[in-house]
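First comes the structure, then the notes that go with it.
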Amino acid sequence: MQKKDELYAGKAKSVYATDDPDRLILLFRDDTSAFDGEKVAQLEHKGMVNNKFNAFIMQKLEAGGVPTHFDSLLSEQESVVKRLDMIPVECVVRNISAGSLCRRLGVPEGKDLDPPTFEFFLKDDERHDPMVNEYHIRAFGWASEDEVEQMKALTFKVNDILKQLFLDAGLLLVDYKLEFGRFKGKVTLGDEFTPDGCRLWDAATRDKLDKDRFRQGLGGVVEAYEAVARRIGVPL
Ligand code: ADP
Ligand code: UDP
């Protein structure tokens, strides 16, 4: 597989074309950002940890029946993925209240949510990723009614698989964000699943082991990601 031009440099990953029109290379950089790019830093080893973390989770999801873009690990910080036509919305499921839900609704952090909640956000940093609903998604043509249903069903399926996987390692999956795209017309999970895009708490102590350590200046960010990776069995 030959790496070609850089197509896009995001806040944490860069995307490269390859000689295969159906495949891309994702480079997981050490860059970290929060608050829609307002707070940024370089965290040594984060790219490597997240690349391997993502590969491990994507393979578990694929085995559990979720179609994903993951193809193979290429290097310490790179993976080969299917080239998707991305749907510009973020799908968020929450099992426990935290983050923007608490800010928006004034509810305390740490409340069990039964049933888990589902939210869509538009991927638009300039507008701070506003919340949208399925009518906006259909009316503006970001995705069809059927694709909306599939994104919801797959996002909940991910919850069934990953809540248990993390619980088996003594970790609570508080919430997470997924992005989907189309591969030859089929709704497919893209982007990443890493502690950059989810909240994970130690089940016994409720210590935060995810990007909130960076957002809240708690320190030990990559150390926490590595600890989670070791606990769930990611080969680093
Ligand atoms: P952001 O764009 O939010 O700054 P990243 O730094 O993670 O995010 O950049 C990665 C970009 O690649 C995102 O815009 C994401 O939607 C896109 N992407 C992820 N997976 C794929 C894929 N399989 N095919 C095409 N684009 C993808
Ligand atoms: N999230 C993300 N990218 C975003 C927004 C949110 O990965 O652009 C993740 C975030 O890490 C958390 C979940 O989605 O796991 C819910 O985030 P929330 O809406 O609470 O926003 P935040 O408080 O992170 O701004």
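Both counts, for ligands and for their atoms, begin at 1 and track the order of listing. Quick caveat, the model's predicted, so the values are computed rather than measured.
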(request) Check which hydrophobic residues are tied to L84 through side-chain heavy-atom contacts below 4.5 Å, counting indirect links as well, and list them. (result)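 Other cluster members: M86, F183.
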May I ask you to decide if [Y]'s main-chain N or O and [X]'s side chain share a donor-acceptor pair within less than 3.5 Å?
| X | Y | answer |
| --- | --- | --- |
| R23 | V80 | no |
| E62 | Q59 | no |
| D129 | F121 | no |
| D31 | Q42 | no |
| N50 | F53 | no |

Per-atom contacts of ligand 2 with [X], taking only distances under 4.0 Å to non-hydrogen atoms:
| X | result |
| --- | --- |
| G99 | 20 (O), 23 (O) |
| R215 | 10 (C), 11 (O), 24 (O) |
| C198 | 11 (O), 15 (O) |
| D196 | 7 (O), 11 (O) |
| R103 | 22 (P), 23 (O), 25 (O) |
| D129 | 8 (O) |
| S100 | 18 (P), 19 (O), 20 (O), 21 (O), 23 (O) |

(message) With no hydrogens and no angle check, just 3.5 Å: does a side-chain donor-acceptor pair link Y225 and D210?
(response)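 Side chains of Y225 and D210: no pair found under 3.5 Å.
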(request) Check the side chains of N95 and D175 for a donor-acceptor pair under 3.5 angstrom, ignoring hydrogens and angles. (result)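 No, because no side-chain N or O of D175 sits under 3.5 Å from a partner of the opposite role on N95.
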Protein heavy atom at shortest distance from [atom]:
| atom | result |
| --- | --- |
| atom 1 (N) of ligand 2 | K177 CB, 3.7 Å |
| atom 8 (O) of ligand 1 | K11 N, 4.1 Å |
| atom 23 (O) of ligand 2 | R199 NH2, 3.0 Å |
| atom 15 (O) of ligand 2 | D175 OD1, 2.6 Å |

(request) Ignoring hydrogens, just give me the one of D191, D36, T194, V80 whose non-hydrogen atom is nearest atom 19 (C) of ligand 1. (result)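 Answer by nearest heavy atom: D191.
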(request) Taking the side chain as every heavy atom from C-beta outward, state whether C91 and K177 have any pair of such atoms under 4.5 Å apart. (result)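 The answer is no; the side chains never approach within 4.5 Å.
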(request) Taking salt bridge (Lys or Arg N to Asp or Glu O under 4.0 Å) as the test, write out the residues that go with E149, two or more places apart. (result)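 Salt bridge (Lys or Arg N to Asp or Glu O under 4.0 Å) list for E149, sorted by chain: empty.
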(request) Classify the angle between the aromatic ring planes of F118 and F120 as parallel (below 30°), tilted (30 to 60°) or perpendicular (above 60°). (result)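 Ring orientation of F118 relative to F120: perpendicular.
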(request) Consider ligand 2: state whether an atom of it lies below 4.0 angstrom from any non-hydrogen atom of R94. (result)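 True for this residue.
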(request) Please verify whether a non-hydrogen atom of E90 lies at under 4.0 Å from ligand 2. (result)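 So E90 counts as touching ligand 2.
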(request) Please determine if L84 has a nitrogen or oxygen closer than 3.5 Å to a nitrogen or oxygen of ligand 1. (result)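 For ligand 1, there is an N or O atom that lies under 3.5 Å from one belonging to L84.
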(message) Under 3.5 Å between any N/O of R83 and any N/O of ligand 1: does that happen in this structure?
(response)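 N/O-N/O distance below 3.5 Å does not exist for this pair.
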(message) With a heavy-atom distance limit of 4.0 Å, tell me whether D125 approaches ligand 1 through its side chain, its backbone, both, or neither.
(response)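 Answer for D125: neither.
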(message) I'd like to check which ligand 1 atoms, numbered from 1 as shown, lie under 4.0 Å from a non-hydrogen atom of V15.
(response)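 Reading through ligand 1 atom by atom, the close ones are 12 (O).
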